[in-house]
Amino acid sequence: MLGEAAARREGEACGGGAGDERARDLYYDARMSLAEAVRRPALEQAELVRRGEISSEELVGAHLDLIAALQPQLAAFVQVLDARARRHARASDRRRRARGHAARAFDGVPSAIKDADPLRGAFMRVGSRAYRYAWTPFDGPATRRLRRAGLVFCGKTSTSELTLMPVVEPDIHPPTRNPWNLDHSAGGSSGGAAAAVAAGMLPVAHASDGAGSIRIPAAFCHLFGFKASRALLPNFYARFDPLGLSATGAVTHTVDDSAAVLDALRGDVAHPATPGSLLAEVRRAPPAGLRVKLCLESPLAEVDPEIAAAVTGVARLLEGLGHRVDTTAALAAEVEEFMPIFQRLAAGAPVLREASLQPITRWLRVPGRRVSLAQAREVQERLSRRVLDWFGDADLALLPAVAALAPRVYAWRDLPPEEGFARAAKLGAFTAAFNVSGQPAASLPVGVSAASGLPYAAQLVARPGADLVLLQTCRQLESALAWTRRRAPPQAGAGTPGDGAGDAAHH
């Protein structure tokens with residue numbers, strides 16, 4: 001592989017004339033290679049940069065070109081930091097060439113921060129008109145750790161207002177659309193991150209999950225989404241989520257990329273992966289004969305038959321891999337039981353002007369002010385005991401990630417707040433319980449509907465603290481299902497990475 005800068009140097013060495021022609025030939029060869037490189041998973045991109053087969057400047061530039069071309073269709077970003085990202089990529093290249101520079105897991109790889117976390121020198125609007133002028137002069141703790149891992153941030157990705165809804169349709173910008181079918185949502189609240197990675201705008205993107213906000217958009221966009229257990233990572237959102245429901249992570253194409261992000265969030269950024277790191281250990285096989293509970297039902301939502309059949313297929317696959325699968329009844333739950341917790345979290349964010357919020361957000365916040373932290377904690381502990389009793393002595397539980405395919409954009413916009421929220425809550429029927437219990441849970445892409453072209457996913461859940469066993473099993477299934485072979489169809493206007501498509505749209 002030969003990058004543009006290397007091609008230019010080669011042409012100069014030829015002394016002009018024929019050298020110029022040679023440089024152009026090499027450059028066009030490089031463009032083809034660059035188009036291939038941007039489709040690689042994040043760790044593979046980092047390895048290309050490390051070996052000098054491509055520069056971070058070229059890699060980041062190619063992704064920024066795709067962002068500029070696709071952003072008008074997808075609305076995956078709320079702020080693109082084009083010039084800054086290119087500058088940071090050049091600095092990454094200089095560090096790599098410097099003697100004594102220690103390699104890091106994601107050196108020179110482009111990424112972005114969800115617009116619910118601070119990124120130095122960027123806005124943080126959290127999907128709300130109430131925060132339209134909010135600007136942060138510092139990195140948040142998760143951002144700092146990801147920056148130390150070598151990632152180059154291209155901007156901020158979209159989220160639902162105050163991260164409360166499982167679709168990204170705030171008043172402050174257009175809805176975030178699904179790269180697999182633009183008439184449908186990319187999910188939420190990490191919808192911008194999922195749309196960006198699924199469309200190839202980024203190889204990996206920061207995300208967070210308070211009731212399914214990583215797993216739901218990952219399921220809708222055919223990505224791997226992992227919610228860590230409460231014991232694995234610090235509570236980066238303790239100020240607004242003292243209950244610890246929200247987990248920080250990423251949406252990725254591969255289990256390895258997610259494991260490396262989790263290592264970075266734990267403070268382990270070295271390359272090669274240090275012994276005992278998740279990335280080093282995830283490459284080992286999971287324990288043999290794991291006990292798996294299969295559940296295809298929920299009292300909160302009816303499961304699409306196509307999704308139920310796909311999850312059943314994963315169960316058969318697990319049996320073929322030597323694990324033991326038993327069918328179990330649904331977890332007994334009602335949305336009303338979870339509401340005091342959700343309302344408390346909704347009311348926690350400071351807002352100067354309530355009238356600037358969307359109707360559903362206001363509807364949630366009013367009763368939330370009457371819920372004390374002690375009351376919310378009591379509800380959480382009671383529900384957590386029920387979830388863990390249902391899980392029992394199993395090693396894993398296998399369920400749908402979401403009961404239905406991605407909804408159409410604005411499906412609930414004109415409904416009264418209570419009805420709109422009730423319909424949206426069905427998307428979290430299989431995910432929210434494990435935020436309450438603090439268990440690790442992952443969304444695994446398992447298929448694409450032939451009728452609509454929309455992806456669907458299975459969910460795998462482990463015991464509290466058993467993140468590694470879950471990641472190892474997910475990696476085992478990734479190999480068997482070969483889900484990385486499926487990618488979202490190319491969008492019109494995307495152009496060829498590196499060809500300057502959409503330059504005029506850079507921000």
SB check [X] [Y] (cutoff 4.0 Å):
X    : Y    : result
D395 : R463 : yes
D107 : R104 : yes
R125 : D115 : no
R144 : D139 : no

Would you find a donor on one side and an acceptor on the other, under 3.5 Å apart, between the side chain of [X] and the backbone of [Y]?
X    : Y    : answer
T176 : G192 : no
Q45  : A37  : yes
S277 : A280 : yes
S92  : H88  : no
Q79  : G155 : no

Is the shortest side-chain heavy-atom distance between [X] and [Y] below 4.5 Å?
X    : Y    : value
P203 : H63  : yes
V152 : S56  : yes
F430 : V303 : yes
W180 : H222 : yes
E306 : S449 : yes

Locate the shortest heavy-atom distance separating [X] from [Y]; write the atom from each residue and the value.
X    : Y    : result
K114 : S213 : NZ-CB, 4.2 Å
A219 : V402 : CB-CG2, 4.0 Å
L74  : A199 : CD1-CB, 3.5 Å
G244 : N235 : CA-ND2, 3.6 Å
F220 : G187 : CD1-CA, 3.6 Å
A116 : T163 : CB-CG2, 3.6 Å

Taking atom types as modelled and ignoring hydrogens, do the side chains of [X] and [Y] form a donor-acceptor contact shorter than 3.5 angstrom?
X    : Y    : result
E58  : S55  : yes
H184 : R177 : no
N181 : R408 : no
S208 : S246 : no

Would you please name every residue forming a side chain to side chain donor-acceptor pair (under 3.5 Å) with S229, sequence neighbours left out? D467
Over 60° means perpendicular and under 30° means parallel, so classify the ring planes of F224 and W483, tilted if in between.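 W483 and F224: parallel rings.
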A142 meets the side chain to side chain contact (heavy atoms under 4.5 Å, CB included) criterion, sequence neighbours left out, with D117, F236, T248, L265
What distance separates [X] [atom1] from [Y] [atom2], expressed to the nearest 0.5 Å?
X    : Y    : atom1 : atom2 : result
E319 : L294 : CD    : CG    : 9.0 Å
F434 : R230 : CZ    : CZ    : 13.0 Å
Q476 : L317 : CD    : CG    : 8.0 Å
R84  : L119 : CZ    : CG    : 6.0 Å

Under the salt bridge (Lys or Arg N to Asp or Glu O under 4.0 Å) rule, collect the residues that match up with R284, sequence neighbours excluded. E281
Quick one, R90 with D93, criterion salt bridge (Lys or Arg N to Asp or Glu O under 4.0 Å). Give me CA distance, side-chain angles, the key distance, then yes/no. CA-CA 5 Å; R90 289 192 293 271; D93 287 331; over 6 Å; no
Please say whether more than 12 non-hydrogen atoms of neighbouring residues, nucleotides or ligands are located less than 6.0 Å from CZ in R39.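 No, CZ of R39 has 12 or fewer neighbouring heavy atoms, counting only those of other groups under 6.0 Å.
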Salt bridge (Lys or Arg N to Asp or Glu O under 4.0 Å) evaluation trace for R475 with E478: CA-CA 5 Å; R475 195 173 192 271; E478 178 187 337; 5.7 Å; no
Is there a side-chain contact (heavy atoms from CB on, under 4.5 Å) between L477 and L460? Walk through the geometry before answering. CA-CA 11 Å; L477 288 169; L460 209 56; 4.0 Å; yes
